[in-house]
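Worksheet: the structure to be examined is printed underneath.
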Amino acid sequence: MTAYGDMKARKTPIPTPTLVRGVGSILVGLSVAFMLSGMGIGLRVALAGTAAVAAIALTLLHPYRREMKYFALANNVDTFPTIGQMVPLMVWWLLLMISPVLAPWPSWGAALAFLIIGGLAWMLYPHVDGTRKLAYA
């Protein structure tokens, strides 16, 4: 079996709740879109910071994290973040840091950035939050 086939064959035991994944992805996309918009820098930073904190808080405070912890303890799975979980967060941070230099973008450009970043966040969310890692227990 190929590595891709092996990956697809493993079922995630505790999937990321759709609400967390959806709202978190929207907030990640909004944080970058706010920073690329034509608003004043103070407002951009406040809105992007609020969106980023809300996305992280939503992920870490949702009850499914407790289920993940119990599953990891029961199956002796290491819960320490891997580099694969950290790289998307570092890219998000980098985008937030360089976006003021690239701003202001037109409204359609910020909306396009929101869609692209939000879509990428949706695809990567189970890998970043650790639920996909549990499939390898």
Side-chain angles (χ1 to χ4, degrees):
M1 181 180 290
T2 66
Y4 182 75
D6 180 51
M7 179 188 75
K8 290 305 246 180
R10 295 180 184 268
K11 182 168 175 6
T12 304
I14 301 169
T16 306
T18 306
L19 177 72
V20 172
R21 192 174 178 185
V23 174
S25 299
I26 289 169
L27 290 169
V28 167
L30 278 176
S31 67
V32 175
F34 284 144
M35 290 301 288
L36 290 170
S37 73
M39 296 182 280
I41 187 70
L43 183 59
R44 282 189 286 170
V45 170
L47 290 173
T50 302
V53 168
I56 294 167
L58 174 67
T59 303
L60 295 179
L61 297 176
H62 195 276
Y64 85 102
R65 302 295 294 184
R66 189 176 317 115
E67 294 176 43
M68 287 176 56
K69 178 182 174 185
Y70 293 145
F71 182 87
L73 288 173
N75 293 290
N76 198 25
V77 177
D78 181 26
T79 57
F80 194 76
T82 63
I83 191 69
Q85 290 173 272
M86 299 303 292
V87 167
L89 296 175
M90 289 185 270
V91 171
W92 179 31
W93 174 82
L94 181 64
L95 287 170
L96 289 173
M97 294 299 109
I98 65 170
S99 57
V101 177
L102 303 173
W105 280 19
S107 298
W108 65 267
L112 185 62
F114 162 72
L115 291 174
I116 292 170
I117 301 300
L120 287 172
W122 173 266
M123 290 188 322
L124 295 174
Y125 224 93
H127 300 279
V128 173
D129 78 349
T131 54
R132 188 64 191 136
K133 184 178 180 181
L134 298 178
Y136 293 88

Would you say that Arg132 contacts Leu124 through its side chain, given a criterion of any heavy-atom pair below 4.5 Å between the two side chains? no
For the hydrophobic clusters of this structure (ILVMFWY residues joined by side-chain heavy atoms under 4.5 Å, transitively), does one cluster hold both [X] and [Y]?
X: Leu120; Y: Leu112; answer: yes
X: Met97; Y: Leu102; answer: yes
X: Leu95; Y: Ile116; answer: no
X: Ile98; Y: Val32; answer: yes
X: Trp93; Y: Val28; answer: yes

Out of curiosity, [X] [atom1] to [Y] [atom2], how far, rounded to the nearest 0.5 Å?
X: Leu58; Y: Leu27; atom1: CG; atom2: CG; value: 7.0 Å
X: Leu89; Y: Leu94; atom1: CG; atom2: CG; value: 12.5 Å
X: Thr18; Y: Trp122; atom1: OG1; atom2: CH2; value: 5.5 Å
X: Ile117; Y: Ile26; atom1: CD1; atom2: CD1; value: 14.5 Å
X: Ile56; Y: Leu60; atom1: CD1; atom2: CG; value: 7.5 Å
X: Asn75; Y: Tyr136; atom1: CG; atom2: OH; value: 15.5 Å

In this structure, which one of Thr16, Thr79, Ile14 forms a side-chain contact (heavy atoms from CB on, under 4.5 Å) with Met68? Ile14
Indicate whether any N or O donor in one side chain lies under 3.5 Å from an N or O acceptor in the other, for Thr131 and Thr12. no
Determine whether a donor-acceptor pair (N or O, by modelled atom type, separation under 3.5 Å) exists between the side chain of Lys133 and the backbone of Phe80. yes
For [X] versus [Y], what's the shortest heavy-atom pair and its separation?
X: Ala110; Y: Ala33; answer: O-CB, 3.5 Å
X: Gln85; Y: Pro81; answer: OE1-CA, 3.3 Å
X: Ala55; Y: Gly24; answer: CB-O, 4.0 Å
X: Ala48; Y: Ser31; answer: CB-O, 3.4 Å
X: Ala103; Y: Ser37; answer: CB-O, 4.0 Å

In sequence, state the C-alpha distance, the side-chain angles, and the governing distance for Val45 and Met35, and then conclude on side-chain contact (heavy atoms from CB on, under 4.5 Å). CA-CA 7 Å; Val45 170; Met35 290 301 288; 4.1 Å; yes
Write out all pairs satisfying side chain to side chain donor-acceptor pair (under 3.5 Å) with one or both partners inside residues 38-56, taking only residues at least two apart or from two chains. none
Side chain to side chain donor-acceptor pair (under 3.5 Å): which pairs involve residues 59-73, sequence neighbours left out? Thr59-Tyr125, Tyr64-Asp129
Please test Leu30 against Phe114 for side-chain contact (heavy atoms from CB on, under 4.5 Å), starting from the C-alpha separation and ending with a verdict. CA-CA 6 Å; Leu30 278 176; Phe114 162 72; 3.8 Å; yes
Heavy atoms from other residues, nucleotides or ligands near CG of Asp78 exceed 12 (cutoff 6.0 Å): yes
